[in-house]
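Numbers restart at 1 for each chain; the letters A, B, ... are given by sequence-line order, proteins then strands. Note that these values count all heavy atoms, side chains included, but never hydrogens, waters or copies made by symmetry.
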Amino acid sequence: MRFGVVRFPGSCDEVDAQLAASRVGEAVLLWHAERDLGRIDVVVVPGGFSYGDYLRPGAIARFAPVMDAIAEFARAGGPVLGICNGFQVLCEAGMLPGALLPNRGLRFVCRQPGVRVESTASPFTAALAVGERLSIPVKHTTGCYWAPEHQLDRLEAENRVVLRYCPGQNPNGSMRDIAGVCNEAGNVMGLMPHPEHAVDQLTGSADGLRLFESVAQALAPVAA
Amino acid sequence: MSAVAPVAEPERQALPGLAGAQALGLTEDEYALIGQKLGREPNLVELAMFSLLWSEHCAYKHSRRLLATLPSAGERLVMGPGENAGAVDVGGGLAVAFKVESHNHPSAVEPFQGAATGVGGILRDVFAVGARPIAVLDSLRFGDPSSERSRYLLDRAVAGIGHYGNSIGVPTVGGEVYFEEPYEQNCLVNAMCIGLAPRERLIRSAAAGPGNVVVLLGASTGRDGIGGASVLASAELGEGDAAKRPSVQIGDPFAEKKLLECCLELLERGLLVALQDLGAAGLTSSAAEMASKGGVGVEIDVARVPLREPGMEPFEIMISESQERMLCVVAPRRLDEVLGLCARWETQATAIGTITDSGRFRVLSDGAVVGDVPIGALVDDCPLYDLSPRPPGAQVYPAPAARLTDADPGESLLALLSCPNLASRRPLFEQYDCLVGSRTVCRPEQADAAVLRLPAREDAPRPAIATSIDCNGRRVACDPRSGTREAVLECAANLACVGAEPLGLTNCLNFGNPEKALVAWQLTEAVGGLGEACRALGIPVVGGNVSLYNEAGEGPIYPTPVVGMVGELPDAARAGGLAFARAGDGIALVGPFAPALAASELARLRGEALPGGLPAAEVAAVVAAQAAVRAAVRAGVVTSAHDVAEGGLAVALAECCLAGGVGAQVSLAGRPGGGPDEALFGEGPGGFVLSGPDDALRALAAGATPVAIIGRVGGERLRIEHEGEEVVDLAVGRLAEAHRTLEALFS
Amino acid sequence: MKARVLVRPKSGILDPQGQAVQRALPALGFTDVHEVRVGRLIELELDDPTRLDEMCERLLTNPLVEDYEVLLEEGARR
Amino acid sequence: MKARVLVRPKSGILDPQGQAVQRALPALGFTDVHEVRVGRLIELELDDPTRLDEMCERLLTNPLVEDYEVLLEEGARR
Ligand SMILES: Nc1ncnc2c1ncn2[C@@H]1O[C@H](COP(=O)(O)OP(=O)(O)O)[C@@H](O)[C@H]1O
Ligand SMILES: [Mg+2]
């Protein structure tokens, strides 16, 4: 079980993601300029401010050489998790539907909202139960999830809205309280909350660890 | 004067003379002294260099003698004042480096960029010593938020701090903000940074090895902040501020993130002889200070410096304050490796000069000498000035505007909770990432100090450090010596409440014009009080910063010696929170607390004049009470601990209720003759509110520290009796509503 | 040659920045502004404008949520 | 009427966004772009354009670090 966590210039949460992943498996950093992922079972595109978030969050990072390899990995069914800036990168790259717009409040917001599991279609939530409530922090300026209404309907119909903010706790104005979505095949998931910052009760919550455990479990037979 | 004039293009070398020197802020005597040191008149490049290094900001000409009186030694000290940041040992082979610095005047001109580049600058000071920044704290002062300008400054400064800290991935874990009229025209924006490093990897900035290469890292050089150090940082703000505006520096946290990772990797691989940040006075001060510390000379060719703007003059390049740059010294055989690593981090790196054994700073332009000065003269020979302190006959600060009249204790409590100095800081700190780095155990509003986890070690699975930054300028204005002592004690009290023991202190002395007798007195008294308190706590001052000339219009700001402290605790899992959490717990008032209304927040709301003095605290008894609280928290026998500060005991109780979402019933006895207001809202050092099982609270009284069980946690209301009469009865929800008022400033 | 790319949120896309500006105007005495949209301006100095659309679609804008318009220096053409 | 305000970093003022975009372009095959500046676009629908300069200076731009230019809908004048 080997996680590869991408490091772009300007990534900030990559080491935290590596630490979180290393609680359930091995975890290495993947340099943005690499074209070859090596032997990797799960890719994490982490949070932070790749390329300073200049122009638009994720707009420049999605052209990094490593992204071609990640797209290839995803096409082959490999699990990819985009967290916060990583979610933005995956949307910009067209690997996930929709876009992330500036928060309604226009400010950076760092908060610990409740998040409800809506779907177990992704390997990152396969081991969780629909309806479970997780406490996972968010911290971002551009986290308002947006997609055209018909696409939102389709996402819901296809069970691809993976996480929603609990009622009244939407921190950014995301449409339909969406906090995380996955692609059609379910193997690529993006979310604004930071599960890597919720892996230890000592630092506030261990609920985020469940996502890492879930994907490890989902892959276990393969890895064995 | 002398015949050894430097060789240079003559048209660039017209001598600026005394008039030029004065325009750059030097005095006639200083100009004469420069001529003496050089043996001739300085040219423009040389004069620009002197004017900056001999400015208040770089030379500390009015404060150095005072600073020398501060205790700067200690068992745990690793690096003291004189380096970019001081450092203390935190065990396990690790050291923590920290420093606080001001960016007041740039923030008054352009608050977003001023605050952002303030954070960028203090981060560089910390990674310049080889430590990875792991936390930022901010200390802010603005005028009353009823003024549009204050709201604008607040809004933009907070956004700027968040922008830089969040983007670079260093958590902002704590801070403070006060709103008082004397800061209306001259806001204060101080930022503190804490860094972590293996002890043996800390690096000093002394250059060494003639023949070694001087490499400039990071951003290209533009005309940012030309004259910034002398104009913005050392002169009173006033009319014509608009004219100073073109020198605004723009922060680029993305560039600094790459620079930071690059520098740390260069150090980890042992590729650098010395490292130094470029701050005020840019290349001039960093190169001169590195050479001075190493007792060597340096040669820099300005033609090799990558420029952002065409046509920059050599003097502009030498003093530009463009951000996100560092200077390092590299052995020639390591140069390629250094340049290669920088390229990988997309960080520009250029060899711009060499270390020499001449003891001189030579500036070249395409090989031609355009400036040549002895390093000693630049760095060490600035004249120091004695202050002429004189205590004022009467309080000089006007009474604050009255905002509250005829209030009963319940109304006073609500007014206090909702006043800008005491209302919840959530609307500020939610704009800061307090989590990145995975170390944050106690977040803002959870505990009196931020707690950051350190790597596990054999003797301690969850070691941690705690940090806090404090200063109540209004109390310092009443009594600079006692007020400063109180600021230090308050910081240490915050640490005690999470179970941490202080290891060291940093400070930023924000004062007015030291050439005025009043300010000189404030400064002298404050530094005296700072030293006394540090000695009482047995901790060193590891470094700091001085920001003078903070005045505009009506006179000086409140004297504001901001104190930042770092302490250690053995077990992060036992870090104390401030929240009442268990119904049925007893509530104890612990410590030699002697509440007084004079100079309190309530007195301010009532528009009372500032008293000319504060009651002298029994420092030793306060320190002993802190030790008792710390021991109880570390033992894990109490549920919560919170110190009594602004707003007095009633506000402290309300804060414990708010944090836990639970009520309390409390019964107080007063000083004979003192009314309920004094017992409820009086202030002074040395008081703590603890909750927990009664026997644990009673056990605290085993030492000499006074302990009184005053109530019980539970219910949904805060009820306070005074001398048997109920004086407060408020729902916790009502308290919460009052506490939320700052939200309105950010909508 | 110089080119300017004007990028704006597509109609129908929420523009909180524009709304914030619009809300702030009346207090400053500007009462006749009916709508405000805030977008981005990108100014380029380049040799060959023929690939500007491609540049806009791939990098400079997010076509899902943004519209753009290219203004060329007078006299220039694509 | 419609007005557009183009806001850009003053010359000489650091433009980190422009730099980041410029550095990203070659990898996408755009090798002929010599300079990029990133600013803001503000589009307004308003009745009276005479006070636009005042609006720009007081609210829409930060005159310390930004320049601006007003483009009016064709035919309109101030
Ligand atoms: N108030 C103070 N207390 C203790 N040390 C101080 C104080 N002010 C400045 N210093 C020390 O003096 C040195 C020079 O400070 P400064 O010029 O601000 O450093 P830098 O150029 O690295 O920012 C530093 O080592 C700093 O820690
Ligand atoms: Mg320094």
Chemist: Give me a line-by-line list of donor-acceptor atom pairs from chain C to chain A that are under 3.5 Å apart, or tell me none exist.
Modeler:
from: C:Arg40; atom 1: NH1; to: A:Leu55; atom 2: O; distance (Å): 3.3
from: C:Arg58; atom 1: O; to: A:Arg62; atom 2: NH2; distance (Å): 3.1
from: C:Leu59; atom 1: O; to: A:Arg56; atom 2: NH1; distance (Å): 3.1
from: C:Leu59; atom 1: O; to: A:Arg56; atom 2: NH2; distance (Å): 3.1
from: C:Leu60; atom 1: O; to: A:Arg56; atom 2: NH1; distance (Å): 3.0
from: C:Thr61; atom 1: O; to: A:Arg56; atom 2: NH2; distance (Å): 3.4

Chemist: Do you know the tightest heavy-atom contact between C:Pro16 and A:Pro102?
Modeler: CG-O, 4.1 Å
Chemist: Determine which pairs satisfy ring-ring contact (aromatic ring centres under 6.0 Å, His included) with at least one residue from residues 1-33 of chain C, sequence neighbours left out, and list them in order.
Modeler: none
Chemist: So what's closer than 4.5 Å to chain C heavy atoms on A:Leu55: side chain, backbone, both or neither?
Modeler: both
Chemist: Go through C:Leu59, C:Leu14, C:Leu60, C:Val65 and name the one with the most non-hydrogen pairs under 4.5 angstrom from chain A.
Modeler: C:Leu59
